[in-house]
Amino acid sequence: MDLKEAVKKRHSVRQFTDKEIEGETEKDLCLKIENCNKESGLNIQLCLNEEKAFNEGILTKISWFKNVKNYIAIVGKKTEDLNTVGYYGEKVVLKATQLGLNTCWAASSYNKSKICAKIADDEKLFIVIAVGYGITNGNSRKTKAIDKLGNVNSDSPQWFINGLKSVQLAPTARNQQRFKFILSGNVVEAKALFGFHTKIDLGIAKYHFEIGANSKEWSWKT
């Protein structure tokens with residue numbers, strides 16, 4: 001399964017079986033996390049066979065999560081750019097999808113005090129991703145039209161349209177998709193709009209755009 005296929009296959013899953021993440025699957029996922037940490041400077045951690053974070057506390061009782069025993073903790077410096085958090089978190093998520101695992105980004109449906117990740121004094125826990133073997137593979141959800149996500153017109157290059165189609169499938173907090181991709185010449189600017197966790201969402205969407213666009217004809221605005 002390549003990344004474009006993983007983008008299409010991945011859906012949010014909140015209910016999991018008891019099947020453990022082990023063997024080559026665990027090894028490959030840990031290797032991806034290690035590589036992402038080296039590239040980004042983050043301290044992403046895989047927490048396995050730990051049931052308390054998603055099962056103890058008020059927030060866990062009112063969430064749709066069930067039987068979450070494994071999760072990915074996105075930890076980094078307190079000053080970390082939130083775009084980076086989303087971008088590299090989604091890299092790990094899509095690798096998990098390629099490995100046959102299911103995932104769900106979780107902003108608050110867990111007990112933060114029970115997270116077993118190691119967090120240094122100058123670090124913080126930004127967000128958590130539930131991971132495991134889902135009871136189902138999840139379902140598609142509503143998404144904005146591409147002309148609501150970017151400045152599409154009759155002259156838009158195909159790579160830009162393909163990038164936005166991939167962005168349509170990017171997971172976002174509360175399915176809000178509050179970002180905009182603006183093409184000027186061959187330069188793309190990605191903007192986070194106002195909303196809940198929009199900067200993390202933008203990082204996720206930017207990675208999706210890169211996968212969909214898959215062209216050397218453009219660059220990000222710096």
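All figures in this text were calculated on a predicted structure; none of them were measured in a lab.
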Using side chain to side chain donor-acceptor pair (under 3.5 Å) as the criterion, point out the one residue from D18, T17, N49 that pairs with K69. D18
Under a single-linkage definition using a 4.5 Å side-chain heavy-atom cutoff for Ile, Leu, Val, Met, Phe, Trp and Tyr, are V68 and I33 assigned to the same hydrophobic cluster? no
Nearest 0.5 Å please: distance from the OG1 atom of T103 over to the CG atom of L94. 7.5 Å
Centroid-to-centroid, W105 to Y71, below 6.0 Å? no
Measuring from atom CD of E24 to atom CD of E26, what distance do you get when rounded to the nearest 0.5 angstrom? 10.0 Å
If you measure only the distance, is there a donor-acceptor pair under 3.5 Å linking the side chains of Q15 and N67? no
Same apolar cluster (I L V M F W Y, side chains within < 4.5 Å links), I127/V92: yes
Do the side chains of I44 and L99 join up, straight or via other hydrophobic residues, at under 4.5 Å, putting them in one cluster? yes
Gap between atom CZ of R10 and atom CG of L3 - 0.5 Å precision: 13.5 Å
Give a yes or no on whether a salt bridge exists between K91 and E39, defined as a side-chain N under 4.0 angstrom from a carboxylate O. yes
Can you check whether L31's main-chain N or O pairs, donor with acceptor, with E34's side chain at less than 3.5 Å? no
Do F179 and L82 share a hydrophobic cluster, counting only Ile, Leu, Val, Met, Phe, Trp and Tyr and linking them when any side-chain heavy atoms are less than 4.5 Å apart? no
Using atom types as modelled and distance alone, determine if a side-chain donor or acceptor of S166 lies under 3.5 Å from a backbone N or O of G163. no
On a heavy-atom basis, which atom in G76 and which in L42 lie closest, and how many Å separate them? CA-CD2, 4.0 Å
Would you call the rings of F54 and Y110 parallel, tilted or perpendicular if under 30° counts as parallel and over 60° as perpendicular? tilted
Once you round to the nearest 0.5 Å, how far does CD of Q45 lie from CD1 of I119? 7.0 Å
Closest contact, heavy atoms only, L193 versus T198: O-OG1, 2.9 Å
Test L125 against I74 for side chain to side chain contact (heavy atoms under 4.5 Å, CB included), laying out the working first. CA-CA 6 Å; L125 174 68; I74 311 294; 5.6 Å; no
NZ-CG distance between K199 and N83, expressed to the nearest 0.5 angstrom: 8.0 Å
Under 6.0 Å from the ring centre and within 45 degrees of the ring axis: does the NZ or CZ of R178 meet both conditions for the six-membered ring of F194? no
In short, R141 meets A170 closest at the heavy-atom pair NH2-O, 2.7 Å
Among the clusters formed by ILVMFWY side chains lying less than 4.5 Å apart, do V167 and Y87 turn up in the same one? no
Any donor and acceptor pair, going by atom type alone, linking the side chain of Q168 with main-chain N or O of K144 inside 3.5 Å? yes
Closest approach of M1 and A6, non-hydrogen atoms and distance? SD-CA, 3.6 Å
Do NZ/NE/NH1/NH2 and the carboxylate oxygens of K206 and E210 come within less than 4.0 Å? no
Quick check: closest heavy atoms across L46 and C30, and the distance to 0.1 Å? CD2-SG, 3.8 Å
Donor-acceptor pair, E50 side chain versus A53 backbone, under 3.5 Å? yes
Using ring centroids (six-membered ring only for Trp), state whether F16 and Y133 fall under 6.0 Å. no
Mark yes or no for whether S40, through its side chain, and C36, through its backbone, hold a donor-acceptor pair below 3.5 Å. yes
Only one of F181, F209, F160 forms a ring-ring contact (aromatic ring centres under 6.0 Å, His included) with W218, so which one is it? F209
N162 and N214 side chains, donor-acceptor separation under 3.5 Å: no
Does D201 use its side chain to pair, donor to acceptor, with the backbone of A173 at less than 3.5 Å? yes
Test item: K78 side-chain N/O and D121 main-chain N/O as donor-acceptor pair under 3.5 Å: yes
T97 side chain to V93 main-chain N or O, any donor-acceptor pair under 3.5 Å? yes
Once rounded to the nearest 0.5 Å, what's the spacing between atom CD of E80 and atom CG of N43? 11.0 Å
What are the two closest non-hydrogen atoms of N151 and S156, and how far apart are they? O-OG, 4.0 Å
